[in-house]
Amino acid sequence: MSGGIISDNTVTGYRGGGVFVNGSGGSAGSFTMTGGTISGNSITAGWGGGVGIYGGSFTMTGGTINGNSGDYGGGVCAYGNANFTMTGGTISGNTGSDGGGVCVYTDGSSFTMTGGTISGNKGYYGGGVSLNNTTSSFIMTGGIISGNIATSPLDNSTPVGGGVYIRQGNFSKSGGGIIYGKETGSPNWNQAKQDTLGHAVYCDNGSKRRNNTLYAGDNISTGDLTVNRDN
């Protein structure tokens with residue numbers, strides 16, 4: 001996809017509101033996005049309002065995924081050994097329960113971010129990114145995660161992970177990139193409404209968190225959350 005618009009589609013189930021990439025059953029489903037827009041799509045009781053990748057791969061070097069909604073991953077959900085690689089482009093203005101912008105879910109799925117922007121998304125758990133499975137991973141070496149909001153869930157529990165929420169799995173930021181944290185007055189900060197937790201990164205493993213901004217030289221991982229964290 002180098003241009004054009006995929007918009008205003010609605011799906012009930014689990015196969016991606018705007019785009020579904022299927023790599024199951026031995027197939028090698030793949031999708032490359034260098035431009036264009038995936039917007040205004042939604043999925044009910046499923047994964048990936050804008051884009052759902054199941055066992056396949058999605059490469060994003062440009063374009064925009066915005067204004068989509070879904071339960072797991074308002075913008076993007078990778079599940080079932082799926083791989084998403086982001087080197088450019090924007091994932092913005094999406095809404096979801098787990099992961100307003102991106103949800104990395106189930107069975108060895110991965111999201112690798114070396115560039116681009118994840119911004120202005122809203123989710124109950126993880127405004128920008130939610131990582132949900134012990135065998136899944138989110139690896140960041142570049143790009144920006146900014147201006148995302150963890151909103152109050154329907155059960156009124158505390159929202160966590162304005163930028164990144166780690167329920168379980170392997171999260172690593174090293175070598176570059178910015179995840180904005182709690183900076184009053186900054187339009188870029190990731191926030192968790194009704195609470196002071198998890199503005200940049202929040203991990204359920206011992207409720208460890210990083211509130212302040214993680215700049216290019218600030219590295220953090222689920223393997224060593226004693227470095228550059230607030231508690």
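Throughout, numbering of the chain's residues begins at 1 and tracks the sequence.
- For the pair Met60 and Ile65, the minimum side-chain heavy-atom distance is below 4.5 Å.
- Taking the side chain as every heavy atom from C-beta outward, Met86 and Val76 never approach each other to under 4.5 Å.
- For Asn148, the side chain to side chain donor-acceptor pair (under 3.5 Å) partners are Asn121, Asn190, not counting sequence neighbours.
- As a member of the Ile/Leu/Val/Met/Phe/Trp/Tyr network built from side-chain separations under 4.5 Å, Ile5 groups with nothing else and remains a singleton.
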Please output the side-chain donor-acceptor pairs of residues 6-13 that fall under 3.5 Å, not counting sequence neighbours, one pair per line with the distance.
residue, atom, partner, partner atom, Å
Asn9, ND2, Ser7, O, 3.1
Asn9, ND2, Asn41, OD1, 2.9
Thr10, OG1, Ser42, OG, 3.3

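- Applying the side-chain hydrogen bond (donor to acceptor under 3.5 Å, both in side chains) test to pairs two or more places apart or on separate chains, those with a residue in residues 77-86 are Asn83-Ser110.
- Aromatic ring orientation, Tyr215 versus Tyr180: perpendicular (interplanar angle above 60°, classes split at 30° and 60°).
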Would Val164 and Ile179 count as a side chain to side chain contact (heavy atoms under 4.5 Å, CB included) if you check the C-alpha gap in whole Å, the side-chain angles of each, and the deciding distance to 0.1 Å? CA-CA 8 Å; Val164 177; Ile179 304 176; 4.3 Å; yes

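- When all heavy atoms are compared, the tightest approach of His199 to Gln191 is ND1-CA, 3.1 Å.
- Remark: side-chain polar atoms of Thr32 are not paired, donor with acceptor, to backbone N or O of Thr59 under 3.5 angstrom.
- Between Ile91 and Val102 there is a side-chain heavy-atom pair separated by less than 4.5 Å.
- Considering all non-hydrogen atoms of both residues, Ser109 and Gly80 come closest at OG-N, 3.3 Å.
- By the 4.5 Å heavy-atom criterion applied to side chains, Asp98 and Tyr124 are not counted as neighbours.
- Between Trp47 and Asp71, the closest side-chain pair of non-hydrogen atoms is not below 4.5 Å.
- Of all the heavy atoms in Arg15 and Phe20, the pair that sits closest is O-CB, 2.6 Å.
- Cluster membership check: Ile43 does not share its hydrophobic cluster with Val19, using side-chain heavy-atom separations under 4.5 Å among Ile, Leu, Val, Met, Phe, Trp and Tyr.
- Contact annotation: the side chain of Cys103 approaches that of Asn132 to within less than 4.5 Å [non-hydrogen atoms, C-beta and beyond].
- One finds the CD1 atom of Ile220 at 11.5 Å from the OG atom of Ser174 (value rounded to the nearest 0.5 Å).
- When all heavy atoms of Ala200 and Gly181 are compared, the closest pair comes out as CB-CA, 4.0 Å.
- Note that OG of Ser146 is 5.0 Å distant from CG of Asn188, once rounded to the nearest 0.5 Å.
- Distance check: Asn66 CG to Thr37 OG1 gives 6.5 Å after rounding to the nearest 0.5 Å.
- With sequence neighbours left out, Asn133 forms a side chain to side chain donor-acceptor pair (under 3.5 Å) with Thr135.
- Residues Phe111 and Ile139 fail the side-chain proximity criterion, which asks for heavy atoms closer than 4.5 Å.
- Lys173 and Asp218 are not joined by a salt bridge, as no carboxylate oxygen comes within less than 4.0 angstrom of a charged side-chain nitrogen.
- Annotation: cation-pi pair Arg210/Tyr202 absent, no NZ/CZ under 6.0 Å from the ring centroid and within 45° of its normal.
- Not one N or O on the side chain of Asn68 forms a donor-acceptor pair closer than 3.5 Å with the backbone of Gly75.
- Partner Tyr72 forms a ring-ring contact (aromatic ring centres under 6.0 Å, His included) with one of Tyr105, Tyr125, Tyr54 and no other, that one being Tyr105.
- The side-chain heavy atoms of Gln168 and Thr222, taken from C-beta on, include no pair separated by under 4.5 Å.
- Under the rule for a side chain to side chain contact (heavy atoms under 4.5 Å, CB included), the partners of Thr114 that lie at least two apart in sequence or sit in another chain are Thr87, Thr112, Thr141.
- The minimum heavy-atom distance between Gly99 and Ser130, with the atom names listed, is N-CB, 3.4 Å.
- Contact between Ala192 and Gly161 at its shortest, heavy atoms only, is CB-N, 4.5 Å.
- Exactly one of Asp204, Leu131, Val129, Val104 qualifies for a side chain to side chain contact (heavy atoms under 4.5 Å, CB included) with Ile166. That residue is Leu131.
- To the nearest 0.5 Å, atom CD1 of residue Ile178 and atom CG of residue Leu214 are 10.0 Å apart.
- More than 12 heavy-atom neighbours from other residues, nucleotides or ligands sit within 6.0 angstrom of OH on Tyr165.
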